[in-house]
Amino acid sequence: MTFVGIDTLAKAPLADGDVLVGGRWRAAEDDRTFPVYDPATGELVREVSAAGPGDALAAVEAAQAAAADWRATPARRRSEILHNTFTLMRKHTDALARLIVLENGKAYRDAAAEAGYAAEFFRWFSEEAVRIGSSFGDAPAGGYRHVVRKHPVGVTAFVTPWNFPAAMATRKIAPALAAGCPVLLKPAPETPLTALAVAALLTEAGLPDGLLNVLPTDRAPEVVTAWLGDERVRKFSFTGSTATGKLLLEQAAANVVNVTMELGGNAPFVVCEDADIDAAVRGAMDAKMRGGGEVCIAANRFYVHESVAAEFTEKLGAAMAAVRTGPGLEDGVTLGPMINQTAVDKVRSLVDDAIARGASVAACGSVPDGPGHFHPATVLADVPDDARILHEEVFGPVAPLTTFTDEDEMLARANATVHGLASYVYSRDVGRALRIAERLEAGMVGLNRGLLSDPAAPFGGVKQSGLGREGGREGIEAFLETQYIALDWPTTA
C-alpha cells in the first residue's frame, strides 16, 4: 500500500477498515467503532474501527506465523526496509505533521519536529540492525569454547500514548523489527490515525505481511489482557502513566513477559546563581513548552537560586506571555490545544491549588475565543512546597517556580519524588553542573540544554518512572535474548 495521506485518513477507513492484521486492513471483528475528535474544535474527525480481544488474538497468530521467516531474514535486508521507511517518512513529513495536528492538537512546528524525530528511529535502528553480533572465545579454564549468540525475543506487543503518536510508535517498532521481532501495536484511542499512517509507510517500504499488526481501539484492557495472557507474546513495552504501568506489570508477571516501561515524570529544572539566564530561559521554553507541556520529560518544577530568581521570573514570564495560542495549523501558533477537556480541568485545578496556598501568577498568556481545549501559558511564582503542582505531573503549559539558596537542600527537594525520568541543570560552572547532575535521581539529565531526546541515546527513567531503555544501542538489546553455547569437539592425535 502506498501512503494515502491526511485527506484519506481523516475522512474514511483504510481499505475495508482500520485494523491491520496479517497484512490485511479490515473492520473490527464485531464492527464496533469509536470516535476521534479534533482538540482544537471538539468536532468529530471520524469513527475508527475498535479492535476487540478476538482481533488481538488473530494479530498474535499472524505475528507468530511471520516470526520464523523474519528471524531468518538477513540483517542487511531488515536494515534496508527500515531505511526505506525513514526515507518515506521524510518525504511525507508535512502530511504526517498535519495528521498529528488534526488528532493531537499540537502546534504545526512541534508536529513537524515530531515527524522528523520519529523518522530518525528508523534510520538509527536500520544501522543497528547490522551490528547485532555474537562472540566466540576460549573458556578461561581451557578445554572448550564459549559461544554467545543474540536471538530476537519473539512476538512483541506495544501500547503507545497520544502525546507523541508518531515518535512513541517508531521508537518501539524500529528496534523490534531491526532485532527480528514481529510487532503488535495498540495506539492511543485519542490518536490512532498517525499510527495507521506509519503502518502504511512501512508496508510501502517493503515490510512483509504479519510483521506489523495495528489494533486501534477504545477497549484497551480487553486487547492488552488478551496479549499478556497469550504465551506467544514474549515482550511488552508500554509508555504511559505510572499507575497504569503498575497494573500492566502485574499482568505481565503471570507469564514472566519481558517488559519495558516508560512511565510518568516530575522533572526538576535547576537554575544556579551563575547560570546564563537568557540561555536558561530559552532552555526552559524548550523543556516546558515542547508539545504544549504534554510531555513526560517536560520541566515540571523550577528550582531557581534566590539571587537570580527575579531576573529569571521576569524573562520567563515575558517569553510565556508572548506565546501565541490557537489551532495548531494557524500561522504563528506555537501552543495548540490540550488533548481534551479533562486535561484542561486537571491543570486548572493544580493552578488553583497553588494560588490558594500562596503562589502568585507571574505571567499568563491568552487563549482564543470559541471552542477547543485551550489553557494559557502560565508562570507561577513563590510556589510553596506543599502545593500539589510540585508533586503531581503537570502535563500542561504551566511553569511553577520556587527558590533555593542551599544546594544540598535543593537536591533533597528535587529528589523527593517517586519519579526519576528527566532533570535539567543550568550553570556556567561545568564542575558544579556535573556534581548536581550526578546527585539528581533521574535517568536523563540536560546540562545547559532543554532538549535531550535523541534516537541515538538511551531514553528511560529510574524509580517509578520505568524499567529499561529505548533508543541508543541499548534500545535494540531490549528485543534480544542471549544464548550461551558451551562448545567442545573431539580432537585427533
Side-chain angles (χ1 to χ4, degrees), residues 63-83 121-158 171-183 208 211 228 230-237 249 252-262 420 434 437-438 441 443-444 454-463 466-493:
Q64 183 67 23
D69 285 347
W70 189 240
R71 173 176 173 147
T73 298
R76 179 65 68 193
R77 178 57 185 151
R78 298 201 298 264
S79 172
E80 289 168 350
I81 292 171
L82 295 179
H83 199 275
F121 285 104
F122 287 116
R123 175 155 67 172
W124 173 259
F125 285 109
S126 74
E127 296 163 348
E128 289 299 292
V130 297
R131 297 192 179 103
I132 300 170
S134 301
S135 64
F136 176 86
D138 295 329
Y144 68 102
R145 271 75 171 177
H146 290 172
V147 177
V148 179
R149 302 198 63 214
K150 298 288 186 178
H151 297 295
V153 67
V155 176
T156 63
F158 302 147
R171 192 163 74 185
K172 300 177 190 296
I173 294 169
L177 293 177
C181 301
V183 170
L211 293 174
L228 291 178
D230 193 310
E231 293 183 352
R232 294 170 294 183
V233 175
R234 298 311 312 145
K235 172 73 184 184
F236 180 72
S237 182
L249 279 169
N255 283 332
V256 196
V257 176
N258 180 330
V259 297
T260 297
M261 293 274 165
E262 195 262 284
L434 286 171
E438 290 173 356
E441 296 170 354
M444 299 171 287
D454 191 317
F459 188 105
V462 299
K463 298 196 285 190
L467 300 168
R469 294 295 182 270
E470 296 181 318
R473 294 182 177 178
E474 293 82 355
I476 202 167
E477 290 292 331
F479 300 97
L480 296 170
E481 297 280 19
T482 300
Q483 181 186 46
Y484 156 60
I485 301 171
L487 175 64
D488 201 354
W489 60 85
T491 59
T492 57

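What you see is a predicted model, and the numbers here were worked out from it, not measured in a lab.
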Using a 3.5 Å distance criterion without hydrogens, assess whether the side chain of Arg149 forms a donor-acceptor pair with backbone atoms of Ser135.
no
Rounded to the nearest 0.5 Å, how far does OH of Tyr144 lie from CD1 of Ile485?
13.0 Å
For a quick test of reading the model, state the closest non-hydrogen atom pair linking Ile132 to Ala179 and the distance between them.
CD1-CA, 3.9 Å
If you look at every heavy atom in Phe158 and Ala176, which pair is closest and at what distance?
CZ-CB, 3.7 Å
Nearest heavy-atom neighbours spanning Ala456 and Trp124
CB-CZ3, 3.6 Å
Could you state the interatomic distance from NE2 (His151) to OG1 (Thr482), rounded to the nearest 0.5 Å?
9.0 Å
Gap separating the CG atom of Leu177 from the CZ atom of Phe125, nearest 0.5 angstrom:
11.0 Å
Would you check, one step at a time, whether the test side chain to side chain contact (heavy atoms under 4.5 Å, CB included) holds for Glu127 with His83?
CA-CA 8 Å; Glu127 296 163 348; His83 199 275; 5.7 Å; no
What verdict does the side chain to side chain contact (heavy atoms under 4.5 Å, CB included) test give for Phe121 and Lys172, after you've listed the backbone C-alpha separation in whole Å, the side-chain angles of each residue and the deciding distance to 0.1 Å?
CA-CA 9 Å; Phe121 285 104; Lys172 300 177 190 296; over 6 Å; no
Check whether more than 12 heavy atoms from other residues, nucleotides or ligands sit under 6.0 Å from atom CD of Glu231, and answer yes or no.
no
Is there a donor-acceptor contact under 3.5 Å from the side chain of Thr156 to the main chain of Phe236?
no
Please tell me if the side chains of Thr73 and Ile81 come closer than 4.5 Å, counting only heavy atoms from C-beta onward.
no
Where do Ala478 and Thr260 come nearest, in terms of heavy atoms and distance?
CB-OG1, 4.0 Å
Nearest non-hydrogen partners of Ala67 and Pro182, listed with the distance:
CB-CG, 3.9 Å
Given Phe459 and Glu474, is the side chain to side chain contact (heavy atoms under 4.5 Å, CB included) satisfied, shown in steps?
CA-CA 9 Å; Phe459 188 105; Glu474 293 82 355; over 6 Å; no
Take Glu481 and Arg234 through the salt bridge (Lys or Arg N to Asp or Glu O under 4.0 Å) test and state the conclusion after the steps.
CA-CA 10 Å; Glu481 297 280 19; Arg234 298 311 312 145; 5.9 Å; no
Check Ile476 against Ala178 and note the closest heavy-atom contact, atom names and distance.
CD1-CB, 3.8 Å
Keeping Asn255 on the side-chain end and Val257 on the backbone end, is there a donor-acceptor pair under 3.5 Å?
no
If I take atom SG from residue Cys181 and atom CZ from residue Arg71, how far apart are they, to the nearest 0.5 angstrom?
9.0 Å
CG/Asn258 to NZ/Lys235 distance, rounded to the nearest 0.5 angstrom?
4.0 Å
Interatomic distance, CZ@Arg469 vs CD@Glu262, rounded to 0.5 Å, equals 10.0 Å
Take Arg131 and Glu128, measure what side chain to side chain contact (heavy atoms under 4.5 Å, CB included) needs, and give me the verdict at the end.
CA-CA 5 Å; Arg131 297 192 179 103; Glu128 289 299 292; 3.2 Å; yes
Between Arg232 and Val155 (side chain of the first, backbone of the second, donor and acceptor by atom type, cut-off under 3.5 Å), is there such a pair?
no
